[in-house]
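Every chain is numbered from 1 and lettered A, B, ... according to where its sequence line falls, protein lines coming before strand lines. Quick note: numbers below take in every heavy atom, side chains included, and nothing from hydrogens, waters or symmetry partners. The structure displayed is predicted, hence computed values, not measured ones.
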Amino acid sequence: MTAALTRATAVELLAAMGAGEVAAVEVVRAHLERIAATEERLHAFLRVLDEPALAHAADVDRRRAAGEPLGALAGVPLALKDILCTAGVPTTCGSRILEGYRPPYDATVVARLRAADAVVVGKTNLDEFAMGSSTENSAFGPTRNPWDTSRVPGGSSGGSAAAVAAFDAPLGIGTDTGGSIRQPAALCGVVGLKPTYGLVSRYGLVAFASSLDQVGPMARTVTDAALLLGAVAGPDPMDSTSLQEPAPDLLGDLDRGVDGLRVGLVAEEIEDGMAPGVRAGLARAVEALERLGAKVADVRLPHAGYGIAAYYLIAPSEASSNLSRYDGVRYGLRVDGATTEEMTARTRDAGFGDEVKRRVMIGTHALSAGYYDAYYAQAQRVRTLIMRDFAAAYESCDVLLGPTSPGTAFPLGAKIDDPLAMYLNDVYTVPSNLAGAPALSLPAGLDDGGLPVGVQLMAPALGEPTLLRVARALEAELAFDPTPRGARSSEEVRA
Amino acid sequence: MTTAPGAAEATAEQAERWEPVIGLEVHVELSTRTKMFCGCATDFGGAPNTRTCPVCLGQPGSLPVANAGAVEYGIRLGLALGCRIAPDSRFHRKNYFYPDMPKNYQISQYDVPLCVGGGLEVVTGAGRRHVGITRVHMEEDTGKSSHVGSGGRIHGADHSLVDYNRAGIPLLEVVSEPDLRSAEEARAYLTELRAIVRTLGISDAKLEEGSMRCDANVSLRPVGHTVFGTRVEIKNMNSLRSLGRAILYEVVRQRGLLDAGEPVVQETRHWDEDAGRTSPLRRKEEITDYRYFPDPDLVPVMPAPEWVERLRADLPEMPGVTRSRLTEGLGLPAEQAHTLVHAGLAGLLQDAAAAGSGPAEAANWLTNEVLTWCAEHGVDPADAPLTGAALAELVGLVADGTLSARLGRSVLVDALDGRGTPGRIVAARGLRQISDSDRLAAAVDEAIAANPEAAARVREGNPKAVGPLVGAVMRATGGQANPRVVNELLRSRLAAPG
């Protein structure tokens with residue numbers, strides 16, 4: 001029974017709870033037990049919220065019994081990336097500098113999850129301030145990939161990806177600045193969607209790079225991801241950059257199929273440094289789409305290759321400013337000094353990890369007088385060119401298809417001392433962030449080593465319904481089994 | 001450092017060699033109900049850190065949302081100053097570390113401000129000058145630090161306390177062109193700007209309380225040259241008086257350097273009101289690179305043209321127009337009109353005139369007695385507790401001889417002190433001017449008897465000696481004697497024997 005509950009999708013759990021077959025408390029308890037069983041090996045969570053989760057579940061059961069209205073995700077366990085503020089509950093962003101920090105307010109996404117009665121079972125691990133592609137940059141230790149615990153889960157939302165992949169929770173919330181939802185989703189064999197910029201409120205999302213950050217869903221099925229996105233999307237008066245229009249209907253067209261749909265295969269990317277297993281996965285996706293009646297043709301994004309360079313100027317520039325508030329004055333870590341400057345310098349030196357320091361320095365330099373035009377302003381011009389590339393591609397395509405990540409999950413420590421190699425993980429994902437457009441990673445089988453391969457679908461702004469529809473069709477055709485079964489995965493993880 | 005001589009010591013010859021070039025940056029704290037980027041109240045007086053929220057405290061994850069009311073105030077000031085309102089202005093981040101700034105960056109405007117290219121007229125003894133306004137932009141205020149144990153500066157403090165109630169209060173920064181040529185003009189400019197801001201009702205604009213703050217950029221150049229000299233920025237002037245003193249000091253200091261062939265260093269200097277001098281800010285307090293970039297958390301400010309036009313149509317009468325109405329319409333001297341408008345008393349004057357008072361008489365009472373009373377009581381003249389009708393009544397009582405000028409002053413003070421209308425005060429105090437010579441004769445005789453020396457001098461042909469005698473009569477009659485009648489009586493009694 002317990003195993004069946006943790007293997008169920010959110011849709012299945014909602015149906016079972018709605019029919020009175022199982023109580024929310026049982027569902028949540030089963031997942032908390034599952035977390036207890038896997039956590040020592042995976043370290044997907046920075047904090048497991050046993051008691052509040054069970055209390056929330058009990059409240060859902062009580063209200064259901066009393067016939068009171070319930071939210072759209074009532075009783076469904078959810079793993080929340082520890083970069084979204086939760087009132088009174090520690091929010092660390094994977095950083096020493098925020099150790100012990102308890103926000104005085106809930107992020108809009110958290111408030112909406114609560115209103116939907118999703119039950120947050122814990123806050124998940126991440127690269128410090130979402131800066132990284134392996135979750136090794138967490139100040140509190142790395143998360144491991146449920147498919148092979150010697151390997152990374154990807155990042156920065158590696159904790160949420162691992163939790164969903166390991167059946168710790170059917171739903172996860174991640175954030176994606178340059179691929180931080182999609183790349184770990186690909187490496188852990190789950191679905192991850194980076195929404196259109198502005199579709200989901202950033203209020204209470206601790207900022208990394210404000211013009212690129214988006215909150216999005218992670219799940220083991222496309223339908224669950226759509227359900228979760230629907231619960232958190234929509235305008236927010238607290239976020240000036242949130243879109244004014246109501247969120248599009250994400251579920252209505254989900255099963256309409258892809259017959260006649262025009263799919264652009266991002267051609268030049270296939271040539272460039274892609275692992276054979278990823279190439280094979282992409283080929284499987286192309287064949288599946290063609291079998292389903294879609295028309296697949298090569299397209300070019302001539303400036304996408306400059307995306308990484310532009311991204312690694314824009315994101316650190318914004319980060320250097322966003323992270324300057326961590327100074328030891330008001331909250332979080334403080335290391336005393338003889339002067340304010342010394343206190344701030346010591347606090348930041350002790351509180352930030354190497355990757356954060358590296359990006360703060362890059363960004364500070366890029367914004368400096370005399371360098372601004374050459375770096376930040378130039379990177380913004382590249383951004384415009386990439387947006388034009390996408391616009392041109394969508395004249396002949398409805399969606400674009402490509403790899404999510406150049407390779408599958410890599411061993412812990414393999415890239416941690418080589419920042420450039422690590423940054424190249426984002427080569428396929430950053431263009432969508434720069435363009436503010438939605439993109440989704442979907443499992444497309446395993447490589448020869450038994451590790452999941454992800455393919456990426458991209459659509460124009462607010463193209464989420466199309467994106468999800470294509471992903472749903474592809475998911476059904478590829479029939480990926482999300483159960484981790486790699487050589488090194490443990491019995492517990494195999495469930 | 002060369003010790004600068006006192007301003008008064010500057011010789012006319014020195015003064016003619018160098019021309020001061022002055023521009024002002026004025027911060028106006030807006031009286032919107034809520035802060036610039038959050039819903040916190042802006043009112044003063046809350047216990048420290050009680051007017052705060054996650055946004056103005058810069059808590060992780062919080063985001064700013066621009067206050068439409070502050071944008072409206074900014075547009076109104078821009079329109080009043082004849083600026084062009086940008087159809088699409090931006091917010092930038094100004095990055096620097098300071099403990100009273102919650103985010104360690106200030107949201108401000110940079111290359112595309114809300115308003116550009118206006119101007120205003122200033123009038124001084126040297127004549128009339130048009131001063132260009134470069135820009136008016138929006139930004140947020142910082143918190144307030146109190147440094148303990150260091151004379152108010154952060155360096156050397158034992159500890160510091162920060163109150164973030166002020167953090168996020170909307171500010172407009174008004175930047176002038178370097179068009180001002182003297183401390184007097186700078187004061188006149190600030191006075192005029194303050195009058196405009198008050199007329200718009202967008203700020204209480206009190207320099208002493210910091211709701212209006214002013215930095216001055218001062219440089220000198222040889223007379224006749226068009227290239228600017230090296231500029232020094234002066235901070236910390238919190239009254240019109242200190243603005244004038246600081247500029248004078250700085251002009252004299254720079255002139256001393258230049259005359260001695262020494263360079264002026266471009267720097268920021270701090271005005272010390274008590275010491276009466278400027279001194280350089282320590283290097284660490286001076287920031288050279290703010291790393292401005294567009295704030296990605298905010299969207300461009302794009303006011304609808306119809307809205308801007310509606311705000312333009314709804315602008316109140318500007319002080320310049322009011323002044324011409326007082327001079328050309330009511331016949332007041334220019335200087336007096338100026339004083340009344342800048343003191344915020346033009347409305348009271350017009351109310352008094354409408355209630356039947358002669359404008360000149362009402363203006364005199366305002367510029368003399370009312371301003372004095374306000375200064376003595378620390379009341380902003382604009383808030384003087386007097387109505388136009390009461391002022392008109394007072395003018396009437398003096399004009400019809402009921403009250404002497406002296407009694408009129410006494411009644412006006414009572415009225416300002418809240419003792420009722422002039423008519424009621426006169427009735428309550430039994431004040432009536434005594435003009436009947438028969439009723440005054442006894443008091444006049446007593447005054448002569450009590451002051452034989454003064455009486456003797458008058459008899460000897462010294463008319464000025466009559467003063468103590470008049471004073472004695474006034475005292476004896478409780479101030480009610482008509483001074484003209486008393487004078488006539490004294491003269492006839494003390495006429496030199498024929």
Check: Counting heavy-atom pairs under 4.5 Å to chain A, which of B:Cys38, B:Pro296, B:Ala66 comes out on top?
Finding: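 Max contact count across the listed options: B:Pro296.
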Checklist line | Which of B:Gly39, B:Pro102, B:Pro64 touches chain A most, by non-hydrogen pairs under 4.5 Å | finding: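 Highest number of pairs under 4.5 Å: B:Pro102.
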Select one option (side chain, backbone, both, neither) describing which atoms of [X] are under 4.5 Å from chain B's heavy atoms.
{"X": "A:Tyr197", "result": "side chain"}
{"X": "A:Leu98", "result": "side chain"}
{"X": "A:Ala369", "result": "both"}

Next item on the list: Using distance alone, with no hydrogens and no angle criterion, decide if A:Asn322 and B:Arg93 have a side-chain donor and acceptor under 3.5 Å apart.
Entry: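 Per modelled atom types, A:Asn322 and B:Arg93 side chains form a pair under 3.5 Å.
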Note to self: Under a plain distance cut-off of 3.5 Å, with no hydrogens placed, do A:Tyr372 and B:Arg291 share a side-chain donor-acceptor pair?
What the structure shows: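 The criterion, which ignores hydrogens and geometry beyond distance, is not satisfied for A:Tyr372 and B:Arg291.
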Note to self: Rounded to the nearest 0.5 Å, what separates atom OG1 in A:Thr340 from atom CZ in B:Phe97?
What the structure shows: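 With rounding to 0.5 Å, OG1 (A:Thr340) is 12.0 Å from CZ (B:Phe97).
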Check: For the atom pair OH (A:Tyr326) and CG (B:Asn104), what is the distance rounded to the nearest 0.5 Å?
Finding: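 It comes to 11.5 Å.
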Check: Quick one: does A:Ser324's side chain have a donor or acceptor within less than 3.5 Å of a partner on B:Lys103's backbone?
Finding: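 Present.
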Side chains of [X] and [Y]: closer than 4.5 Å at any heavy-atom pair?
{"X": "A:Tyr105", "Y": "B:Cys53", "answer": "no"}
{"X": "B:Asp297", "Y": "A:Arg202", "answer": "yes"}
{"X": "B:Pro54", "Y": "A:Tyr203", "answer": "yes"}
{"X": "B:Gln59", "Y": "A:Tyr101", "answer": "yes"}
{"X": "A:Gln380", "Y": "B:Phe293", "answer": "no"}
{"X": "B:Pro294", "Y": "A:Tyr376", "answer": "yes"}

Heavy atoms only: give me the nearest [X]-[Y] pair and the separation to one decimal.
{"X": "B:Leu298", "Y": "A:Thr241", "value": "N-CG2, 4.5 Å"}
{"X": "B:Pro60", "Y": "A:Val206", "value": "CB-CG2, 3.8 Å"}
{"X": "A:Arg325", "Y": "B:Ser62", "value": "NH1-OG, 4.1 Å"}

[X] atom [atom1], neighbour heavy-atom count above 12 within 6.0 Å:
{"X": "A:Gln244", "atom1": "CD", "result": "no"}
{"X": "A:Arg358", "atom1": "CZ", "result": "yes"}
{"X": "B:Lys144", "atom1": "NZ", "result": "no"}

When [options] are compared by non-hydrogen pairs under 4.5 Å with chain B, the top option:
{"options": "A:Thr91, A:Thr344, A:Asp327", "result": "A:Asp327"}
{"options": "A:Ser321, A:Ala338, A:Gly204", "result": "A:Ser321"}
{"options": "A:Glu318, A:Met238, A:Arg330", "result": "A:Arg330"}
{"options": "A:Ser368, A:Ser201, A:Cys85", "result": "A:Ser368"}
{"options": "A:Ala207, A:Pro104, A:Ser320", "result": "A:Pro104"}

Notebook entry, point to check: Given a strict heavy-atom distance threshold of 4.5 Å, which part of B:Tyr292 is in contact with chain A: side chain, backbone, both, or neither?
Noted result: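 B:Tyr292 touches chain A through backbone heavy atoms alone.
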